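This report concerns only the one structure given below.
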Amino acid sequence: MAEAHWYVVHTYSGYENKVKVDIEKTIENRGLQDQILEVSVPMLPVVELKNGVEKKADKKMFPGYVLINMVMNDDTWYVVRNTRGVTGFVGPGSKPVPLSDEEIASLGFRGEDVQMDYEVGDMVVVISGAWKDTVGAIKSINEAKKTITINVEMFGRETPVELNFTEVKKM
């Protein structure tokens, strides 16, 4: 199998999170979890001062861009390129250029090693993202991708949802 690399995708401004969610849904629907490993909108924590009150917020590091860790092939290129809100990959012409290891390290992606103390069956609460404040039991753990799967109730049915270790905390 080919090696996964980080690619930069250009999106309409303000559509970064929507593109991330849409690509993640497509990955789930088409079973591409082993080819598109991670979709990220890098955020930078900032403290804003409004009316004399400090407020913590997250700002997008690269507005209009989404980072994707994926194995580049015709299927994955098509899925990402044809996602609503995506205008194209960053690179000359139609050939996407992966980020170098130095570029990824400077963004802080490879340096962080998430310590995981979860086990299958543990109850967790989602602390960020679309499923924020949702409670569920861990059904499976993927240490290579640093993700867990929990079942959430949606429309009266149990639905599996894959989340990053950093998006949940133990109850």
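This is a predicted model, so every value here is computed, not measured.
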All side chain to side chain contact (heavy atoms under 4.5 Å, CB included) counterparts of V90, not counting sequence neighbours: V8, Y65
Apply side chain to side chain contact (heavy atoms under 4.5 Å, CB included) to Y78 and list each qualifying residue two or more places apart in sequence or on a separate chain. R30, N82
Side chains of residues 126-139: which donor-acceptor partners sit under 3.5 Å, not counting sequence neighbours?
residue : atom : partner : partner atom : Å
T134    : OG1  : W131    : O            : 2.6

If you look only at pairs with a residue in residues 64-83, which of them pass as a salt bridge (charged side-chain N to carboxylate O under 4.0 Å, His left out), with sequence neighbours excluded? none
Which residues pass the side chain to side chain contact (heavy atoms under 4.5 Å, CB included) test with E54, not counting sequence neighbours? V47, L49
Quick one: do V39 and Y12 end up in the same hydrophobic cluster if we chain Ile, Leu, Val, Met, Phe, Trp and Tyr together by side-chain heavy atoms under 4.5 Å apart? yes
Reported CG-to-CG distance for the pair D34 and N142, which is rounded to 0.5 angstrom: 10.5 Å
Heavy-atom pair of closest approach, residues E119 and D122: N-OD2, 2.8 Å
With sequence neighbours excluded, tell me which residues meet side chain to side chain contact (heavy atoms under 4.5 Å, CB included) with K59. V46, E48
Do K169 and V125 come within less than 4.5 Å of each other through their side chains, counting heavy atoms only? yes
Closest approach of V97 and G91, non-hydrogen atoms and distance? CG2-CA, 4.1 Å
Considering residues at least two apart in sequence or located in another chain, which fulfil the salt bridge (charged side-chain N to carboxylate O under 4.0 Å, His left out) criterion with K60? E16
When every non-hydrogen atom of K170 is compared with those of V124, the smallest separation belongs to CA-CG1, 4.2 Å
How many angstroms lie between CD in E38 and CG in L67, if you round to the nearest 0.5 Å? 9.0 Å
Inter- and intrachain pairs under ring pair (Phe, Tyr, Trp, His ring centres under 6.0 Å), touching residues 36-58, at least two apart: none
Strictly by salt bridge (charged side-chain N to carboxylate O under 4.0 Å, His left out), give each pair with a member in residues 151-160 just once, sequence neighbours left out. none
Do the side chains of I148 and I36 join up, straight or via other hydrophobic residues, at under 4.5 Å, putting them in one cluster? no
Could you tell me which residues satisfy salt bridge (charged side-chain N to carboxylate O under 4.0 Å, His left out) with E24, sequence neighbours excluded, listed by chain and number? K20
Spell out, yes or no, whether F155 and V21 are grouped together once hydrophobic residues are joined by side-chain heavy atoms under 4.5 Å, including indirect joins. no
Which residues satisfy the salt bridge (charged side-chain N to carboxylate O under 4.0 Å, His left out) test with K18, sequence neighbours excluded? D22
Path from V41 to I104 over hydrophobic side-chain contacts below 4.5 Å: no
One should read off an interatomic distance between L37 CG and I27 CD1, to the nearest 0.5 angstrom, of 8.5 Å
Would you say V9 and W6 are hydrophobically clustered, going by side-chain heavy atoms of ILVMFWY under 4.5 Å? no
For N164, does its backbone N or O pair with a side-chain atom of E167 as donor and acceptor, under 3.5 Å? yes
Which atom pair, heavy atoms only, marks the closest approach of P96 to Y7? CB-CD2, 3.8 Å
Does the plane of the ring in W77 sit parallel, tilted or perpendicular to the ring in F89? Use 30° and 60° as the thresholds. parallel
Which value, rounded to the nearest 0.5 Å, describes the distance between T149 atom OG1 and E28 atom CD? 7.5 Å
Sequence neighbours excluded, which residues qualify as side chain to side chain donor-acceptor pair (under 3.5 Å) partners of T11? none
Minimum heavy-atom separation for P42 to F62, with atom names? CG-CD1, 4.1 Å
Minimum heavy-atom distance Q35-T76, with the two atoms named: OE1-CG2, 3.4 Å
For the side chain of T87 and the backbone of H10, is there at least one donor-acceptor N/O pair under 3.5 Å apart? yes
